[in-house]
Amino acid sequence: MITVQNVSHLYGGSRKRSSRLALDRLALQVEKGEFLVFTGPNGGGKSTLFRILCGVQLPSFGQVHLNGIDLLRHPLQARQYMGVVFQKPALDPHLTVLENLRIHADLYQIPPALFHQRLEESLLWSGLGDRLHDPVKTLSGGLARQVELIKALLHNPPLLLMDEPTTGLDPGVRRRFLDNIKAIRRQRSLTVVMTSHIFTEAEEADRVAILQQGRLLALDTPANLKATLGREMLVIRCPAPQPILDWLAQRPTVQFSEIDDEIRVEGANMESLLTEILATFRQEIRSLSIKQPDLEDVYIHLTNTTPMDEKEVAA
């Protein structure tokens, strides 16, 4: 469905600010029917890539093809195949839900009968049945997001692009929104590409692409990415880590890293290691836990930084 070939993007500098490389020779493919999530810290290049995939920003270098169409040369033709949910609201808050949707249907020249048919289908899962005549500004954040999703899918595109669509939603509303995406994808064999800085949102994707400073650090299934860290890892928090680091360095089968006040240990017999560490350093340790790796742990392993570190740097 999507082919990205050697895409780079450079934001121009000025007298007060130097140029910044937002994407660095990015190359990947998204298969038809796949659910792919781009994740990573703020400032990692996700939103820049999203704007390029939508056809609203030209990359400095590289090519993008969507369903076999050169997106950069034929953006209008390519956009017929995509529905887009932007990070910032793209609805007129003073118009009603129905008026917003009708305008979008007119832009795509959807006949009135077909518009009403698709609208009725959308009301079955959106929870908007009694809010069609309410101004968008009166809706909660979750319901407004549902309107955005209905709008993006009205012309029945085979591809749905979403840029951090759950930003600002509480956990329960976020869960329901993502569940709707999953159900629609199954019904329509929809290809879904989503950006998110929330690692847990990527856990249910077919594949996850981790970006940092415009580079693709990893691209694989969530299970395969987590498997690179083993079945378990040990996380130690202590105010003075150096003695423990020196002790771990003497054990060649142990892999470890230090990030802020955490020591993360991989590739060891956790039970015996835990017993030894407690016997030797119990008084120096603030907390100690054994956990199964998640995608945030994969990111930390790949970059030796936490997402918060990257956010602060980007800011």
Side-chain angles (χ1 to χ4, degrees), residues 1-2 29-39 46 50 53-55 66-67 78-91 97-98 100-111 113-132 136 139-196 198 200-209 221-222:
M1 177 60 73
I2 299 175
Q29 286 188 323
V30 182
E31 302 299 328
K32 290 184 178 180
E34 184 176 17
F35 179 23
L36 177 67
V37 173
F38 287 98
T39 190
K46 303 186 301 297
F50 182 85
L53 293 179
C54 292
L66 194 157
N67 206 30
R79 284 181 192 142
Q80 298 293 323
Y81 292 92
M82 68 175 77
V84 182
V85 176
F86 294 97
Q87 182 177 355
K88 294 183 178 180
L91 302 169
V97 171
L98 185 59
N100 272 278
L101 296 176
R102 276 178 172 160
I103 289 172
H104 188 78
D106 290 343
L107 289 173
Y108 279 87
Q109 299 180 336
I110 300 174
L114 184 57
F115 165 67
H116 286 291
Q117 175 189 333
R118 291 178 179 173
L119 180 59
E120 288 298 321
E121 293 171 355
S122 300
L123 295 179
L124 296 176
W125 53 260
S126 66
L128 287 162
D130 60 347
R131 305 299 298 272
L132 285 178
V136 167
L139 301 181
S140 66
L143 287 179
R145 271 302 186 203
Q146 300 286 30
V147 180
E148 299 261 15
L149 183 57
I150 292 174
K151 180 169 71 73
L153 297 175
L154 267 180
H155 60 291
N156 202 26
L159 170 65
L160 176 64
L161 300 172
M162 299 187 292
D163 187 19
E164 303 198 12
T166 63
T167 297
L169 303 183
D170 66 53
V173 175
R174 179 187 301 133
R175 179 71 268 166
R176 288 192 292 274
F177 181 84
L178 294 175
D179 285 345
N180 281 338
I181 297 296
K182 290 169 58 179
I184 295 167
R185 176 178 166 245
R186 288 194 301 267
Q187 294 167 3
R188 303 190 183 190
S189 299
L190 189 66
T191 304
V192 179
V193 176
M194 184 175 87
T195 71
S196 176
I198 304 172
T200 55
E201 291 188 350
E203 292 281 353
E204 299 176 35
D206 294 323
R207 289 192 299 162
V208 178
T221 66

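None of these values were measured; they are calculated from a predicted model.
The two residues C54 and F86 make their nearest non-hydrogen contact at SG-CE2, 4.4 Å. For the residue pair A202 and V208, the shortest heavy atom distance occurs at O-CG2, 3.4 Å. Considering all non-hydrogen atoms of both residues, D130 and G127 come closest at OD1-O, 4.3 Å. E31 approaches T191 most closely through the heavy-atom pair O-CG2, 3.6 Å. Here the closest non-hydrogen pair linking L91 and A144 is CD1-O, 3.8 Å. Summarising the geometry of E203 relative to P222, their closest heavy-atom pair is O-CG, 3.5 Å, with the distance given to 0.1 Å.
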Next on the checklist: As a quick check of understanding, evaluate salt bridge (Lys or Arg N to Asp or Glu O under 4.0 Å) for R185 and D206, giving each step before the final call.
Outcome noted: CA-CA 12 Å; R185 176 178 166 245; D206 294 323; 2.4 Å; yes
Item to check | Worked check of side-chain contact (heavy atoms from CB on, under 4.5 Å) between R118 and I110 | outcome: CA-CA 10 Å; R118 291 178 179 173; I110 300 174; 4.2 Å; yes
Checklist entry - Yes or no on side-chain contact (heavy atoms from CB on, under 4.5 Å) for F50 and V193, after CA distance, side-chain angles and deciding distance? => result CA-CA 9 Å; F50 182 85; V193 176; over 6 Å; no
Item to check | Trace of the side-chain contact (heavy atoms from CB on, under 4.5 Å) decision for R207 with E34 | outcome: CA-CA 8 Å; R207 289 192 299 162; E34 184 176 17; 2.4 Å; yes
Item to check | Step-by-step side-chain contact (heavy atoms from CB on, under 4.5 Å) determination, H104 to I150 | outcome: CA-CA 10 Å; H104 188 78; I150 292 174; over 6 Å; no
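E201 has a carboxylate O that lies under 4.0 Å from a charged side-chain N of R174, or vice versa, which qualifies the two as a salt bridge. Using a 4.0 Å cut-off between charged side-chain N and carboxylate O, R175 and D179 make a salt bridge.
Looking only at side-chain heavy atoms (C-beta outward), L160 and V84 stay at 4.5 Å or farther from each other. Between L178 and E204 there is no side-chain heavy-atom pair separated by less than 4.5 Å. Here the side chains of L159 and N67 are not in contact, with every heavy-atom distance at 4.5 Å or above. Side-chain contact between V37 and T195 is absent, with no heavy atoms from C-beta onward closer than 4.5 Å. Contact annotation: the side chain of V97 approaches that of L101 to within less than 4.5 Å [non-hydrogen atoms, C-beta and beyond]. Put simply, the side chain of Y81 reaches to within 4.5 Å of the side chain of P158, judged on heavy atoms. Side chains of E164 and K46 form a contact here, defined as non-hydrogen atoms less than 4.5 Å apart. Residues L149 and I184 meet the side-chain proximity criterion, which asks for heavy atoms closer than 4.5 Å.
With rounding to the nearest 0.5 angstrom, the CG atom of L53 is 6.5 Å from the CZ atom of F38. Taking CD of Q146 as the start and CG of N180 as the end, the distance is 5.0 Å to the nearest 0.5 Å. In this structure, the separation between OG1 on T166 and CD on Q87 is 9.5 Å, given to the nearest 0.5 Å. E148 CD to K151 NZ: the interatomic distance, rounded to the nearest 0.5 Å, is 5.5 Å. Of the inter-residue distances, the one linking L154 atom CG with F115 atom CZ reads 6.0 Å to the nearest 0.5 angstrom. The CD atom of Q80 lies 8.5 Å from the CD atom of Q109; values are rounded to the nearest 0.5 Å.
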